[in-house]
Amino acid sequence: MATVSHFEYGWITPALSYALSVLGSFLGLVCAGRSRTAGSGGQRVWWGILAAWAIGGTAIWSMHFMAMLGFAVGGTRIRYDVPLTVASAVIAVVAVGIGLAIVGTGRISVARIVVGGVFTGAGVAAMHYTGMAALRLHGNLDYDPVRVALSVAIAVVAATVALWLAVTVRRLLALVGSALVMGVAVNGMHFTGMSALTVHLHDRQGQLPGAGFSTLLVPIVLAVIFVVVGLVYALLAAPTEEDRAGTAYLDARREPAPTTAGPATPPDPAGLRAHSARSTLGQPGTPFPRRRDDAPR
């Protein structure tokens, strides 16, 4: 049995993984709140997709691989199967997206939250063990079934709590507290699942297929940066519920422009209009004045 280390670089990797899970959870909760208050179906779908990317992609999947940076097995190198690694990311995002869709359609109820939590938690657990199946090393991976079941239970509970928070929490302080709690739950699920792992080395060691972690680290970090920056920009650019209420209030207070029944009469400072009204000269049908017969010649 090989020696397995989960904290090869000390506290740095678990601290970074926790920070990623908190950041992704916070952004996901904010996006889920925008989805609830969206004015159209298209906007609700858009904010739901962003929430799934934030929670599934950053809070869960990126946290998993950041924590795996500190994973090492004595006596063998570790490489990763790229297609399975990508598949684990897709599983996480899709599972969270379906869970948000379950609780976000129709009236909020305990049954919807529980069903969505079970489905999402199972998806999170599938993401974790699919990511572990992507490991390529000179040995066999064995798992303690009791701890595996415990990790799945933690994933289901964490997902249920996350979905409940996504549809109920709105205040900023509550969002921060919820993200901190979700970070603890996600990391607890990960390290519980990792504690179930044992590795039995092979006698022969050859060339390992797959990509090294250093090869995957750069695209993963860049993807996280682009996703976080995009989410922050989307949240800052989109008007909030308070902004829309303020705009409606200002529109209601704005006085309507005065309307006139006809064209405005131009000013007549010299009084010519009054003189012309009294005079008969130049009016239609008025004969031109002629010289009187008795006028002196």
Side-chain angles (χ1 to χ4, degrees), residues 4-9 11-28 52-73 78-97 99 120-137 141 143 147-148 150-159 161-162 179-197 199 210-228:
V4 177
S5 174
H6 301 287
F7 308 101
E8 183 71 10
Y9 301 102
W11 59 270
I12 297 178
T13 52
L16 290 176
S17 65
Y18 179 73
L20 276 176
S21 61
V22 171
L23 178 61
S25 298
F26 177 78
L27 293 175
W53 271 107
I55 297 176
T58 302
I60 298 174
W61 185 78
S62 298
M63 169 268 148
H64 168 84
F65 278 93
M66 182 56 65
M68 290 299 294
L69 184 61
F71 176 72
V73 179
I78 298 176
R79 301 182 73 85
Y80 292 85
D81 183 278
V82 175
L84 278 179
T85 302
V86 175
S88 66
V90 174
I91 290 172
V93 174
V94 171
V96 173
T120 305
V124 171
M127 179 282 304
H128 175 82
Y129 291 105
T130 301
M132 295 302 296
L135 290 178
R136 296 293 178 263
L137 48 81
L141 304 182
Y143 293 93
R147 294 190 181 185
V148 169
L150 180 60
S151 68
V152 174
I154 294 175
V156 171
V157 172
V161 173
L180 293 173
V181 173
M182 288 174 62
V184 172
V186 171
N187 281 265
M189 178 268 164
H190 172 82
F191 288 107
T192 300
M194 294 302 295
S195 69
L197 175 68
V199 179
F213 197 91
S214 58
T215 305
L216 294 176
L217 185 61
V218 173
I220 289 175
V221 171
L222 290 177
V224 170
I225 292 174
F226 281 121
V227 168
V228 171

**Study point:** Any residue meeting salt bridge (charged side-chain N to carboxylate O under 4.0 Å, His left out) with Arg79, in chain and number order, not counting sequence neighbours
**Key:** none

Any donor and acceptor pair, going by atom type alone, linking the side chain of [X] with main-chain N or O of [Y] inside 3.5 Å?
X: Tyr18; Y: Leu180; answer: yes
X: Arg147; Y: Thr192; answer: no
X: Ser88; Y: Met127; answer: no

[X] vs [Y] side-chain heavy atoms within contact, under 4.5 Å:
X: Asp81; Y: Arg136; value: yes
X: Met189; Y: Val124; value: yes
X: Asn187; Y: Met63; value: yes

Could you pull out the closest heavy-atom pair between [X] and [Y], with the gap in Å?
X: Gly56; Y: Ala92; result: O-CB, 3.5 Å
X: Val156; Y: Ala122; result: CG2-N, 4.2 Å
X: Ala134; Y: Thr85; result: CB-OG1, 3.6 Å
X: Gly183; Y: Ser25; result: N-OG, 4.5 Å
X: Ala52; Y: Val93; result: CB-O, 3.7 Å
X: Gly123; Y: Ala95; result: CA-CB, 3.6 Å

With rounding to the nearest 0.5 angstrom, report the [atom1] to [atom2] distance, [X] to [Y].
X: Met68; Y: Met132; atom1: CE; atom2: CE; value: 4.5 Å
X: Ile12; Y: Leu16; atom1: CD1; atom2: CG; value: 7.5 Å
X: Thr120; Y: Ile60; atom1: OG1; atom2: CD1; value: 8.0 Å
X: Thr130; Y: Ile91; atom1: OG1; atom2: CD1; value: 3.5 Å
X: Ser21; Y: Met66; atom1: OG; atom2: CE; value: 11.5 Å

Review point. Would a line drawn from the ring center of Phe71 to the ring center of Tyr9 be shorter than 6.0 Å?
Key: no

Check your understanding: For the residue pair Phe65 and Trp61, is the inter-centroid distance of their aromatic rings smaller than 6.0 Å?
Key -> yes

Practice item. Carefully, step by step, assess Leu27 and Thr58 under the rule side chain to side chain contact (heavy atoms under 4.5 Å, CB included). Key: CA-CA 9 Å; Leu27 293 175; Thr58 302; over 6 Å; no

**Study point:** For Tyr129, all residues meeting ring-ring contact (aromatic ring centres under 6.0 Å, His included), sequence neighbours excluded
**Key:** Tyr143

